[in-house]
Novice: 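Before I ask anything, let me first share the structure, which is written out below as structure tokens.
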Amino acid sequence: MFAVIDYDMGNLKSIANALKALGVPFELAGEPQALRRAAAIILPGVGAFGDGMKNLSRRGLLEPLATRVLNDGVPYLGICLGMQFLAETSTE
């Protein structure tokens, strides 16, 4: 199952529509548990780095995202700002 991260930002609808058209099973992931069970993770990014990091942190998603991608090697597609969220800072 793919997890599409819902952090109150990003264009979730476009990603969901594309995955549906391709027949890829996915869930919108707004909680850490969804990332822990994901076979792959997609993080669409729209907006400002600081706001996105705050939203990811508020939902408790930063630590499980880093663990799953950087430590566990789960495939990750960070779209635009979504790729920057694996860093600590950005000069966007």
Side-chain angles (χ1 to χ4, degrees):
M1 176 76 64
F2 279 40
V4 178
I5 297 179
D6 179 1
Y7 62 113
D8 299 321
M9 295 175 72
N11 192 345
L12 298 177
K13 189 166 185 159
S14 291
I15 300 302
N17 287 339
L19 293 173
K20 284 178 189 174
L22 294 170
V24 175
F26 71 95
E27 68 176 305
L28 295 180
E31 299 177 349
Q33 298 82 354
L35 297 184
R36 291 186 185 109
R37 64 179 173 259
I41 299 170
I42 300 173
L43 178 48
V46 174
F49 181 82
D51 292 338
M53 290 294 275
K54 285 178 192 173
N55 286 2
L56 287 167
S57 179
R58 180 177 47 80
R59 287 184 168 239
L61 296 170
L62 282 175
E63 182 182 329
L65 174 63
T67 298
R68 295 292 287 149
V69 175
L70 300 175
N71 295 345
D72 300 343
V74 171
Y76 177 70
L77 174 60
I79 301 170
C80 193
L81 188 59
M83 186 55 81
Q84 296 178 41
F85 290 137
L86 292 179
E88 293 180 18
T89 61
S90 174
T91 58
E92 57 170 320

Novice: Would a 4.5 Å heavy-atom cut-off, applied to side chains only, mark M9 and N55 as touching?
Specialist: yes
Novice: Strictly by salt bridge (Lys or Arg N to Asp or Glu O under 4.0 Å), give each pair with a member in residues 75-90 just once, sequence neighbours left out.
Specialist: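 Sorted pair list comes back empty.
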Novice: How would you list, by chain and number, every residue that makes a side chain to side chain contact (heavy atoms under 4.5 Å, CB included) with A16, sequence neighbours excluded?
Specialist: F26
Novice: If hydrophobic clusters are built from ILVMFWY residues whose side chains come within less than 4.5 Å, do I79 and L28 share one?
Specialist: yes
Novice: Side chains of P44 and V4, heavy atoms from C-beta outward: is any pair under 4.5 Å?
Specialist: yes
Novice: F85: what forms a ring-ring contact (aromatic ring centres under 6.0 Å, His included) with it, not counting sequence neighbours?
Specialist: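 For F85 the ring-ring contact (aromatic ring centres under 6.0 Å, His included) partners, ignoring immediate neighbours, are Y7, F49.
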Novice: Minimum heavy-atom separation for A38 and V74, please, with both atom names.
Specialist: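 Minimum heavy-atom separation between A38 and V74: O-CG1, 4.0 Å.
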Novice: Going by ring-ring contact (aromatic ring centres under 6.0 Å, His included), name the pairs with one or both residues in residues 58-79, residues two or more places apart or in two chains.
Specialist: none
Novice: Would you mind writing out the side-chain donor-acceptor pairs for residues 56-67 within the sub-3.5 Å range, not counting sequence neighbours?
Specialist:
from: R58; atom 1: NH2; to: D8; atom 2: OD2; distance (Å): 2.7
from: R59; atom 1: NE; to: D8; atom 2: OD2; distance (Å): 3.4
from: R59; atom 1: NH1; to: D6; atom 2: O; distance (Å): 3.2
from: R59; atom 1: NH1; to: G30; atom 2: O; distance (Å): 3.3
from: R59; atom 1: NH2; to: D8; atom 2: OD1; distance (Å): 2.9
from: R59; atom 1: NH2; to: D8; atom 2: OD2; distance (Å): 3.4
from: T67; atom 1: OG1; to: E63; atom 2: O; distance (Å): 3.0

Novice: Checking V24 now: which residues fulfil side chain to side chain contact (heavy atoms under 4.5 Å, CB included) with it, not counting sequence neighbours?
Specialist: F2, L19, L22
Novice: Does L35 share a hydrophobic cluster with L86, counting links as ILVMFWY side-chain heavy atoms below 4.5 Å and allowing steps through other members?
Specialist: yes
Novice: G45 and C80: which non-hydrogen atoms are nearest, and at how many Å?
Specialist: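 Here G45 and C80 meet closest at O-CB, 3.7 Å.
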Novice: What residues, two or more places apart in sequence or in another chain, satisfy salt bridge (charged side-chain N to carboxylate O under 4.0 Å, His left out) together with D72?
Specialist: R68
Novice: With sequence neighbours excluded, tell me which residues meet salt bridge (charged side-chain N to carboxylate O under 4.0 Å, His left out) with E27.
Specialist: R37
Novice: Does any non-hydrogen side-chain atom of I5 lie less than 4.5 Å from one of I42?
Specialist: no
Novice: If Ile, Leu, Val, Met, Phe, Trp and Tyr residues are connected whenever their side-chain heavy atoms lie under 4.5 Å apart, and connections chain through other members, are M83 and L43 in the same group?
Specialist: yes
Novice: Looking at CD of Q84 and CG of L81, how far apart are the two atoms once the value is rounded to the nearest 0.5 Å?
Specialist: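 Taking CD in Q84 and CG in L81, the distance rounds to 5.0 Å.
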Novice: Quick one: side chain to side chain contact (heavy atoms under 4.5 Å, CB included) partners of N11, sequence neighbours excluded?
Specialist: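 K13, S14.
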